[in-house]
Amino acid sequence: FGKQFDIIVNGMKRLFLPCLLTVFLSTTWLIAGEKNDAPPRFRVDVDTVVVRVTVTDPLNRYVVGLDRDHFRVFENKLEQTLTHFSNDKSPISVGIIMDLSGSMGDNILSARSSVIRFLEQGDTEDEYFLVTFNERSALARDFTNRSENISNEISIKNPKGRTALYDAMYLGLEKIREGRHQKKALIVITDGEDNSSRYTFSELKDYVKESDVQIYVIGERGDMGYGRGIISEIVRLTGARAFFPNNFKQLDYFCDLIHSELRNQYLVGYTPTNSRSDGSWRKLSVRLDPPEGMPKLKVRAKQG
């Protein structure tokens with residue numbers, strides 16, 4: 001009987017393993033407990049699609065206090081039934097991607113100061129990593145919940161060389177997958193266009209579609225050129241935003257804005273009515289049925 005039992009178990013492993021390895025582009029989630037002893041805030045099964053949603057009013061203020069019934073989610077124009085909803089200020093996993101190319105020479109002090117300011121506003125459960133880049137990108141500091149580790153690393157870096165922006169973002173996308181928290185974001189600070197990457201824009205865009213992360217970019221207006229359109233296209237896919245201030249002396253404002261946005265998002269989840277795991281890109285849209293008396297509200301979420 002023991003030998004027969006082993007045969008049955010091995011057969012089941014061969015049958016179910018391919019199913020467990022199936023991945024589809026609509027970004028499926030399996031949320032397990034975090035590494036600490038705190039219970040997870042938002043537990044879903046493997047087929048649940050999770051969407052982070054930002055809601056703002058006409059004055060660009062974040063709207064909080066909405067309920068599940070106010071949200072409607074559509075996949076390929078078909079309305080889905082929401083199975084999960086959360087609006088708590090849960091911890092975040094953030095990758096800081098810092099441009100250290102030669103063109104950042106005049107801006108590096110402002111960039112350092114603003115990143116440190118962002119880190120100081122974080123919670124103890126938040127975690128961060130740092131990617132720096134010039135003509136090469138590198139993981140300068142792995143995930144840590146000690147923001148001072150990131151701050152110290154930034155303080156000793158000096159700008160030089162060319163700009164491999166796509167490579168750095170690609171590396172950030174790879175690393176953020178290891179993040180412990182449901183809310184994941186990359187914050188990219190750069191003042192120039194890509195001129196040194198091995199990865200192409202098309203390859204980066206495809207990887208963004210496969211990733212469940214919001215990408216925020218702050219780039220100086222005067223030096224971005226055609227890069228503004230490329231960056232804007234990337235961040236729209238993720239439901240985040242790109243900012244192009246006139247100079248980096250305004251960085252503090254935009255870093256504060258990103259921090260506030262990450263703290264005031266809704267998480268909605270659904271199990272797709274289309275259960276095929278065929279790797280196709282599925283368009284997502286989120287609509288609101290706001291309470292009576294509310295002004296026209298703006299909704300941002302990932303596009304697919």
Side-chain angles (χ1 to χ4, degrees), residues 52 54 56 60 92-101 103-104 107-108 110-119 128-134 137 140 150 154 159 162-176 179 183-197 199-262 265 300-303:
R52 287 180 289 281
T54 302
T56 53
N60 207 31
I92 54 178
S93 299
V94 176
I96 306 293
I97 301 181
M98 174 78 79
D99 186 347
L100 290 179
S101 62
S103 60
M104 281 287 290
N107 295 319
I108 191 63
S110 295
R112 285 172 179 164
S113 174
S114 295
V115 169
I116 291 172
R117 177 187 174 96
F118 175 87
L119 296 169
Y128 312 93
F129 68 86
L130 173 67
V131 169
T132 57
F133 69 97
N134 40 38
S137 57
I150 304 293
I154 290 174
R162 293 166 65 82
T163 307
L165 175 61
Y166 301 160
D167 288 355
M169 294 176 72
Y170 204 97
L171 176 57
L173 288 169
E174 289 180 328
K175 190 63 189 177
I176 197 68
K183 289 185 178 181
K184 294 180 172 66
L186 298 179
I187 301 175
V188 184
I189 297 177
T190 181
D191 74 338
E193 300 167 350
D194 186 283
N195 56 27
S196 188
S197 285
Y199 288 106
T200 66
F201 170 66
S202 178
E203 290 171 327
L204 175 62
K205 183 178 175 181
D206 287 343
Y207 198 19
V208 168
K209 286 183 175 182
E210 297 173 7
S211 304
D212 191 16
V213 58
Q214 293 180 295
I215 302 177
Y216 295 86
V217 180
I218 306 176
E220 192 171 33
R221 181 185 299 272
D223 294 328
M224 294 303 294
Y226 71 87
R228 290 182 61 186
I230 288 174
I231 287 174
S232 297
E233 184 175 351
I234 288 291
V235 300
R236 277 197 301 268
L237 284 172
T238 73
R241 287 197 278 181
F243 306 100
F244 302 101
N246 290 322
N247 60 71
F248 269 25
K249 293 180 180 179
Q250 301 171 299
L251 268 181
D252 281 356
Y253 171 79
F254 293 106
C255 284
D256 289 352
L257 193 65
I258 293 170
H259 183 272
S260 182
E261 180 162 314
L262 290 172
Q265 291 177 324
R300 279 187 292 105
K302 63 184 179 181
Q303 294 185 349

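Just so we're clear, the structure is a prediction, and the values are computed from it rather than from any experiment.
Across all their heavy atoms, Gln214 and Gly239 have their closest contact at NE2-O, 3.4 Å. Leu173 approaches Ile215 most closely through the heavy-atom pair CD2-CD1, 4.0 Å. Heavy atoms only, all atoms of each residue included: Ser101 and Pro159 are closest at O-CB, 3.2 Å. Residues Pro245 and Gly219 share a closest heavy-atom pair of CD-O, 3.4 Å. When all heavy atoms are compared, the tightest approach of Gln265 to Thr54 is NE2-OG1, 3.2 Å. When all heavy atoms are compared, the tightest approach of Leu251 to Ser114 is CB-OG, 3.0 Å.
Inter-residue side-chain proximity for Ile218 and Gln250 is flagged as unmet; no heavy-atom pair is nearer than 4.5 Å. Residues Leu262 and Lys183 form no side-chain contact, since every pair of their non-hydrogen atoms from C-beta on lies 4.5 Å or further apart. In this structure the side chain of Leu165 reaches within 4.5 angstrom of the side chain of Phe133, judged on heavy atoms. When side chains are defined from C-beta on, Val131 does not count as touching Lys175, because their heavy atoms never get closer than 4.5 Å. Looking at Leu130 and Met98, their side chains come closer than 4.5 Å, going by heavy atoms from C-beta outward. Counting heavy atoms from C-beta on, the side chains of Thr163 and Ser196 never come closer than 4.5 Å. Within the 4.5 Å cutoff, no side-chain heavy atoms of Glu203 are placed close to those of Tyr166. Between Phe244 and Ser232, the closest side-chain pair of non-hydrogen atoms falls below 4.5 Å.
Residue Ser103 forms a side chain to side chain donor-acceptor pair (under 3.5 Å) with just one option from Thr190, Asn195, Asp191, and that option is Asp191.
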Check against side chain to side chain contact (heavy atoms under 4.5 Å, CB included), Leu171 and Ile97: CA-CA 9 Å; Leu171 176 57; Ile97 301 181; over 6 Å; no
Residue pair Ile231, Phe201: steps toward the side chain to side chain contact (heavy atoms under 4.5 Å, CB included) verdict: CA-CA 10 Å; Ile231 287 174; Phe201 170 66; over 6 Å; no
Evaluation steps, side chain to side chain contact (heavy atoms under 4.5 Å, CB included), between Tyr199 and Met169: CA-CA 10 Å; Tyr199 288 106; Met169 294 176 72; over 6 Å; no
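The distance from the NZ atom of Lys249 to the OG atom of Ser113 is 12.5 Å, given to the nearest 0.5 Å. Separation of atoms CD1 (Ile258) and CD1 (Ile187) is listed at 5.0 Å; rounding is to 0.5 Å. A distance of 8.5 Å separates CG of Asp206 from OH of Tyr170, quoted to the nearest 0.5 Å. Residue Leu257 holds its CG atom at 8.5 Å from OH of Tyr216, rounded to the nearest 0.5 Å. Here CD1 of Ile96 is found 12.5 Å from OG1 of Thr132. Values are rounded to the nearest 0.5 Å. Between atom CG of residue Asn134 and atom CZ of residue Arg162 there is a gap of 11.0 Å, rounded to the nearest 0.5 Å.
Looking only at distances, a side-chain donor or acceptor of Ser197 sits under 3.5 Å from a matching main-chain atom of Asp167. Under a 3.5 Å cut-off, the side chain of Thr238 and the backbone N or O of Val235 do form a donor-acceptor pair. A donor-acceptor distance shorter than 3.5 angstrom exists from the side chain of Arg52 to the backbone of Asp212, with no hydrogens or angles considered.
By the 30° and 60° cut-offs, the orientation of the rings of Tyr128 relative to Phe118 is perpendicular.
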